[in-house]
Every structure is written in C-alpha cells, then in structure tokens.
> 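My questions all concern the structure below.
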Amino acid sequence: MDNKTMARLLEETADLMEIDGADSFRIRSYRRAAEAAEQTTIELASAVQDTARLLEIDGIGKSMASKLQAIAATGSLPQRDELLTKYGAGVLSLLKLPGMGPKTVSLLWDAAQVASIEQLAEAIDAGRLKGLPRMGAKQIEKLRKGIDDYRRSAGRFRLDVAEDEARRIVAHLLKFPGIEKATPAGSLRRGRETVGDLDVLATGPGCEPGQTAAAVEHVAGYPGLHDMIAKGENKVSFHTGLGLQVDVRLLPSASYGAALQYFTGSKGHNVSLRQRALKMGYTLSEWSLAMLEGGAMVAAATEEEIYAALKMEWMPPEMRENLGEIDAAVQGTLPRVISLEDIRGDVHMHTTASDGNNSVREMADAALKCGYKYLAITDHSKNLAMTNGLDEKRALEHIARIREVEKEMEGGIRIFTGIEVDILGDGALDLADEVLAQMDIVIASVHSRFEQPREEMTARVLRAIENPNVRILGHPTGRMLLRREPIAIDIEAVLRRAAELGVAVEHNASPERLDLNDRDLRLAKELGCKIVMSSDSHDARNLGRLDYGIRQLRRAWLTPEDVLNTRDAEGFLGGLRPRG
DNA sequence: GCCGTTTTCGGCCCGACTGTTTTCAGTCG
C-alpha cells in the first residue's frame with residue numbers, strides 16, 4: 001500500500017471521528033499524521049517493520065506508529081471500520097458537499113436519519129429538513145445545489161490521480177517481456193482536467209493477434225486491480241480500488257499509431273479526421289489508414305505517418321478537441337503552443353513564514369534546480385489566520401529577509417518580494433497599502449468562503465483589482481476540482497477589466513486547482529489578458545510541478561507569448577501593471 | 001494523539017463571514 005492510500009485512511013478516520021464528536025485535538029493528530037504520511041519521503045509500507053523509523057517522522061508518535069502498522073497489515077484501521085459500521089460509508093461523501101461539515105452531518109444523522117447523499121436528496125424532497133436547527137430555506141437550497149454539482153462530477157477523477165494510476169499500470173505492463181510499449185490514451189493523454197476512465201494501449205510480440213493469452217493473464221495480475229469487468233483476447237477491463245475503470249488494449253505493433261490516434265480522440269476530432277480521409281479516398285479506423293478501394297494500407301504504425309498521409313501537421317493531443325485544429329493543421333498554421341520548458345520562473349509560493357514547509361533559501365535553491373531564473377515569495381497575509389498569515393510588521397520583516405537571501409544567492413537567481421493578500425467582504429484588501437506598495441508582487445486572491453450572490457462577488461473582485469498595488473489576481477474562480485464548483489462570478493467582466501488594467505490573472509498549476517477552465521483560458525487570450533502560471537507551492541518539492549496547468553494552457557492554444565512567466569525576470573516585471 | 005517541557009501534564013494556528021439567529025454556531029481557509 002502506498003503512502004497516499006495510508007494517508008487517505010487516516011484522513012477518513014479523522015472525518016468520522018469529527019462526525020462522532022471526538023476530541024478535536026485528537027482529531028487534529030490524525031490529520032497531521034495523514035499529512036505527514038503524504039509528505040514524507042519514507043516509504044511507509046516498508047518502514048512499518050521498524051517502529052523507530054516511523055517515530056522519526058514529525059507528527060507520528062507511538063500510537064500512530066502502531067496504527068500505521070495495523071493499516072499495513074490489514075489494509076484498514078479498527079477505529080475507522082467501527083465508525084463506518086456505525087454511520088455507514090455514505091457519510092464521508094456527505095462531507096464533500098459545500099457548507100456541509102461534521103456538525104451538520106451529525107445533526108442530519110441524529111434528526112433525520114440521513115447517512116448518504118441519496119438519503120439527503122430524499123429528505124430534502126420530502127421536506128423533512130424543515131424545522132431542523134440552522135436549516136433555513138437558503139441552507140436547504142445550498143445543499144440541493146451541492147448535490148446537483150456532486151452528481152455531475154461523480155465517477156470522474158482528477159488528472160493527477162488518473163496519471164498516477166496510469167504510471168503504475170504502464171510499469172506493470174512493461175514487466176511482461178512480450179510488451180514493448182505501453183501508452184495511456186484517451187482524455188488523460190489529451191490532458192483534460194478530469195478523467196472518466198483510463199485507456200492504456202500496449203504493443204509488442206506478445207500482443208500480436210492470436211498470441212495474446214499470456215499477456216492478457218499478465219494484465220489481469222495487476223496488483224492494483226480491484227474487480228474484473230471483462231477479459232477478452234485484445235482487451236482487459238477492470239476497476240481499481242478507487243473505482244477508476246481501466247481498459248487495457250493489446251494491439252499489433254503495425255497498428256499502434258492508428259490505435260493511439262483513435263483512442264486518443266476526442267470524438268469530434270476523430271469524426272472530422274475520418275471525413276477528411278474519406279474525401280481523400282481513404283478510410284481511417286483504429287487498425288489503419290487504408291485505401292477506400294481495395295483496402296491497401298497507407299499508414300498505421302505511428303500517428304505521425306497517419307497525419308502526414310492526410311496531408312496535415314501532427315498536433316499535440318491536447319489540441320484534438322475539434323476546435324479548428326484540423327483546418328489549421330492542413331494549412332500549416334498550428335500555433336506553437338506553450339510547453340513546460342518555456343517557463344522561466346514561478347511567482348506564487350509559500351514559506352515557513354506562513355504555512356509553507358521550507359525556508360526562503362530552500363525555495364530559492366529548489367527554483368534554481370528547476371532551471372528558473374526567478375521566483376517570487378508570496379506568503380499569506382494576516383486575514384488567513386490559520387496559515388499564520390503575515391501582518392504589516394511581519395510582512396516588512398519578511399521582505400527584508402527575502403532581499404537578504406537574494407544577496408546570498410549571489411546573482412544566481414532573482415527573488416521577487418511578494419504577498420498573497422485576501423480580498424475582504426467589501427472588496428478591500430487585508431493589508432495596508434503602504435506596505436503593499438513596497439512589494440514587487442501583490443497577488444490578491446479570491447476565496448470562496450465569503451461567497452456572495454454573483455453580482456456582489458463580481459463587484460468585490462472588480463473593486464479589489466482597482467487597487468493599484470494589485471498586480472496579479474489569484475484563484476480567479478476559487479474552484480477546487482471535484483470538490484467545489486467555481487464561485488458564481490462574471491468571469492468575463494473580471495478578465496476584461498483585468499486586461500484593461502494590466503492585472504495578470506493566475507492559472508494555478510496544482511491539479512486540484514487549475515483555476516481557469518478551457519473556456520476561461522480561451523476567453524482570456526481573446527481579451528488580451530495576461531496569464532501567469534504558478535505552482536502555489538507549500539513545499540520545495542512541488543516547485544516545478546507545472547505540467548498539469550501547462551496542459552490546460554495547451555488545450556486553449558496558448559503560446560509562450562500569452563504567458564508572462566515565459567519571459568526573463570525584467571520582461572516579467574515589465575509585463576505586469578506598473579506599480580501604483 | 002503529539003509534543004515539549006517551566007519534562008509525565010497541558011497546551012495544541014484563529015479570524016471573517018453566513019445564515020439563522022436575537023447573540024451565536026458552523027464552515028472555510
């Protein structure tokens with residue numbers, strides 16, 4: 001079992017304890033232990049042999065060590081199992097609804113026998129929530145909307161989760177001598193924000209027609225397999241423990257390119273491509289591009305051959321959404337979309353001054369290792385008290401510290417001073433302007449916790465970016481993938497005003513954030529809005545992990561020119577709104 | 001349940017906001 005899974009079990013136990021009304025400090029210990037399990041570089045599954053090693057981890061004491069050992073041995077935790085029996089497995093999903101915390105779950109369980117999202121929907125429809133404490137019309141409406149949003153995203157997985165699984169599956173497939181190549185396809189390869197299921201293609205001598213029996217058995221032996229859906233000659237389908245459906249397809253080498261093209265999609269792209277093939281006297285399938293008359297094969301082994309035979313440029317999978325890429329590829333006018341190598345600096349990160357894990361120096365060293373020319377330290381401001389946010393005095397001291405570290409680096413890297421301020425309920429910022437004016441970069445971030453009706457929310461953000469000290473708008477939609485829908489805001493009005501003011505808009509690369517969706521990004525480009533790519537790292541190890549965010553930019557056809565931190569340090573600063 | 005000690009107990013990130021309240025509980029970050 002990997003660290004992530006163990007962390008998840010601890011986290012779930014903490015959630016259940018909270019519903020059960022356990023001691024809050026004990027609960028916090030479980031959460032800290034879960035975080036430690038996720039963060040540590042120690043491989044827990046093997047470290048459980050050695051209790052002393054577990055105790056070295058901050059946040060793991062004697063009791064947690066034995067719990068980790070129990071998890072490793074039995075796959076679960078007695079406390080968790082007991083509470084799950086008591087409340088039912090559905091309560092954990094109830095917690096995912098916005099505005100729903102442990103107290104409300106507990107109330108619903110006690111007063112209305114609600115223990116799952118299904119039962120909550122029933123109870124709302126039956127009017128059984130009316131009259132319960134703190135359950136007014138607004139609250140019930142909020143829950144109803146939350147249920148709708150939840151149902152819409154059910155069965156989907158975040159890109160990073162799917163990619164982790166894909167990586168493990170590919171590694172497993174390549175262990176079999178008859179498999180030479182294994183590639184994830186489908187929406188994962190297109191870099192969609194979320195993925196419904198996973199297509200993995202495998203090819204090699206063991207995948208040739210009529211000889212697949214041994215390879216099929218090898219696939220079926222994947223350790224992460226939870227239950228088998230179907231097992232045929234060329235395809236094995238199963239669920240993983242998380243419920244992600246995986247289809248592994250075994251293909252002859254000669255058809256690899258055609259299959260990769262076919263299974264990468266999208267549907268619209270493939271339909272258009274097949275139409276073009278027909279017009280040219282070909283037929284395109286997952287097996288090959290062939291002559292319409294006689295069926296002689298034209299191309300099949302690689303995607304490049306197929307696109308070339310159709311007299312068009314090959315294009316990155318992210319662009320295959322039937323949004324004009326076929327015409328552009330035929331005319332040779334596909335833009336050179338941005339890639340990870342274009343990024344020259346990261347401009348949103350946290351240190352131990354607020355809620356990060358590393359010092360300014362450690363972040364700078366990590367940035368240097370990523371090949372960056374610059375970084376910006378942007379810790380939280382005081383309003384986010386739980387993050388140990390900086391007040392005016394500490395913010396000024398922090399700037400001084402950042403400047404010192406920049407000197408220590410002896411010109412190796414530029415370090416911008418900065419801060420991530422909170423936008424208050426009335427659109428004001430939570431730090432004094434005199435202090436903000438001394439920062440290289442002020443990111444004003446939208447947080448959904450103060451969500452208001454759309455008009456008010458929009459007005460609040462518009463007011464915040466009018467402040468001349470604000471140079472970047474952070475988390476413009478406040479969404480968390482699969483957890484919280486974007487906040488209700490007129491994003492077009494916000495992007496338009498930001499473009500006018502020269503305020504850059506952040507696209508956070510963290511796979512649970514991806515602040516702007518495909519449509520927002522296209523809109524931003526259209527409006528001439530400057531985009532800034534950032535990792536929002538709280539740990540030096542996450543610096544440079546921009547690939548998920550980059551893929552969204554590629555999907556929206558953004559080029560290096562559209563993104564400010566593809567420029568050098570001076571170019572980046574110069575591209576921001578001049579300081580007020 | 002963890003941790004560090006003024007070392008075997010007693011502390012443990014807390015402030016803003018919303019909705020339901022009429023003084024505050026619950027959620028979020």
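Every chain is numbered from 1 and lettered A, B, ... according to where its sequence line falls, protein lines coming before strand lines. Keep in mind that this is a model prediction, so the values were computed, not measured.
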> How about A/R483: does its CZ atom have over 12 heavy atoms from other parts shown lying under 6.0 Å from it?
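It does not: A/R483 CZ has 12 such atoms or fewer within range.
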> Give the residues of residues 10-22 of chain A touching DNA chain B, defined as any heavy atom closer than 4.0 Å, sorted by residue number.
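Correct list: empty, so none.
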> Residues in side chain to side chain contact (heavy atoms under 4.5 Å, CB included) with A/M1, at least two apart?
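A/T5, A/M6, A/L9, A/I71.
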> In whole Å, measure the gap between the C1' atoms of B/dG11 and B/dT6 for me.
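My reading of the C1' atoms in B/dG11 and B/dT6 gives 13 Å.
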> Run the side chain to side chain contact (heavy atoms under 4.5 Å, CB included) test against A/V435 and tell me which residues pass, sequence neighbours left out.
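With sequence neighbours excluded, A/V435 shows a side chain to side chain contact (heavy atoms under 4.5 Å, CB included) to A/E392, A/A395, A/L396, A/M439, given in chain and number order.
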> Inspect the contact between A/E506 and A/R513 and indicate whether a charged nitrogen and a carboxylate oxygen are less than 4.0 angstrom apart.
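A salt bridge is absent here (no side-chain N lies under 4.0 Å from a carboxylate O).
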> How far does the P atom of B/dT21 sit from the matching atom of B/dG26, given to the nearest Å?
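Here B/dT21 and B/dG26 have their P atoms 13 Å from each other.
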> Check the distance between B/dG15's P and A/D391's CG and give it to me in whole angstrom.
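Taking CG of A/D391 and P of B/dG15, I get 12 Å after rounding.
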> For the C1' atoms, the ones on B/dG29 and on B/dT23, what distance do you get once it is rounded to whole angstrom?
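B/dG29 and B/dT23 have their C1' atoms separated by 24 Å.
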> Would you compute the distance between atom CZ of A/F157 and atom OG1 of A/T240 and round it to the nearest 0.5 angstrom?
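Those atoms lie 6.0 Å apart.
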> Could you give the distance from CD (A/E456) to CD1 (A/I489), rounded to the nearest 0.5 Å?
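It is 12.0 Å, given to the nearest 0.5 Å.
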> Quick one: what's the B/S/- string for nucleotides 17-26 of chain B, heavy-atom cutoff under 4.0 Å, read 5' to 3'?
SSSS----SS
> How long is the gap from OH on A/Y548 to CG on A/L514, to the nearest 0.5 Å?
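It is 10.0 Å, given to the nearest 0.5 Å.
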> B/dG15 P sits how many Å from A/M386 CE, rounded?
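Distance, rounded to whole Å: 13 Å.
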> Nearest whole angstrom, please: distance from the C1' of B/dG29 to the NE2 of A/H475.
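Rounded to whole Å, this separation is 10 Å.
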> A/D422 has an atom CG; how far is it from atom C1' of B/dG29, in whole Å?
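Between C1' of B/dG29 and CG of A/D422: 8 Å.
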> Taking the basic N atoms (NZ, or NE/NH1/NH2) and the acidic carboxylate oxygens, is any pair closer than 4.0 Å for A/D365 and A/K369?
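Answer for the salt bridge query: no.
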> Which whole-number value in Å describes the distance from A/E420 CD to B/dG29 P?
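My rounded result for the distance is 12 Å.
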> If you count heavy atoms of other groups shown closer than 6.0 angstrom to CD of A/E35, is the number above 12?
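No, not enclosed.
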> Scan every strand shown for a Watson-Crick or G-U wobble partner of B/dA25, both distances under 3.5 Å, and answer none if you come up empty.
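Checking every strand shown, B/dA25 finds its partner in B/dT18, with both distances under 3.5 Å.
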> When rounded to the nearest 0.5 angstrom, what is the spacing between CG in A/L564 and CD1 in A/I343?
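Taking CG in A/L564 and CD1 in A/I343, the distance rounds to 10.0 Å.
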> Using whole Å, report how far CG of A/D430 lies from C1' of B/dG29.
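Nearest whole value for this atom pair: 12 Å.
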> Spell out protein contact along nucleotides 2-7 of chain B as letters: B when the base is contacted, S when just the sugar-phosphate is, - when no protein heavy atom is under 4.0 Å; keep the 5' to 3' order.
SS----
> How many Å lie between CG on A/N388 and P on B/dG15, as a whole number?
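Atom CG in A/N388 sits about 12 Å away from atom P in B/dG15.
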> Using the C1' atom in both, what is the distance from B/dT27 to B/dT20, to the nearest Å?
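To the nearest whole Å, 14 Å.
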> Take atom CD1 of A/I487 and atom C1' of B/dC28, then tell me their distance rounded to the nearest Å.
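One finds 13 Å between C1' of B/dC28 and CD1 of A/I487, rounded.
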> Could you measure between the two C1' atoms, the one in B/dC28 and the one in B/dT22, and give it in whole Å?
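My reading of the C1' atoms in B/dC28 and B/dT22 gives 24 Å.
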> Identify whether any heavy atom of A/R484 sits under 4.0 Å from a base atom; if not, whether one sits that close to sugar-phosphate; answer base, sugar-phosphate or nothing.
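Sugar-phosphate: the residue A/R484, judged by heavy atoms under 4.0 Å, touches backbone atoms but no base.
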> Take atom P in B/dC3 and the same atom in B/dC13, then report the distance between them in whole Å.
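The answer is 13 Å between these two P atoms.
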> Give me the distance, rounded to whole Å, that separates B/dC2 from B/dT8 when you measure between the C1' atoms they each carry.
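Their C1' atoms lie roughly 13 Å apart.
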> For A/H380 and A/I27, take the nucleotide of DNA chain B holding the closest heavy atom to each; which residue's nucleotide lies nearer the 5' end?
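Going by which nucleotide is closer to the 5' end, it is A/I27.
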> Is A/R8 salt-bridged to A/E11, going by a charged N under 4.0 Å from an acidic O?
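The answer is no: the pair does not qualify as a salt bridge.
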> Between B/dC12 and B/dT5, how far apart are the P atoms? Round to whole Å, please.
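That atom pair is separated by 15 Å.
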> Between A/P511 and A/L481, is there a side-chain heavy-atom distance shorter than 4.5 Å?
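They are not in side-chain contact.
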> For A/S445, check side chain to side chain contact (heavy atoms under 4.5 Å, CB included) against everything at least two apart and list the hits.
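With sequence neighbours excluded, A/S445 shows a side chain to side chain contact (heavy atoms under 4.5 Å, CB included) to A/E420, A/I443, A/H447, A/H475, given in chain and number order.
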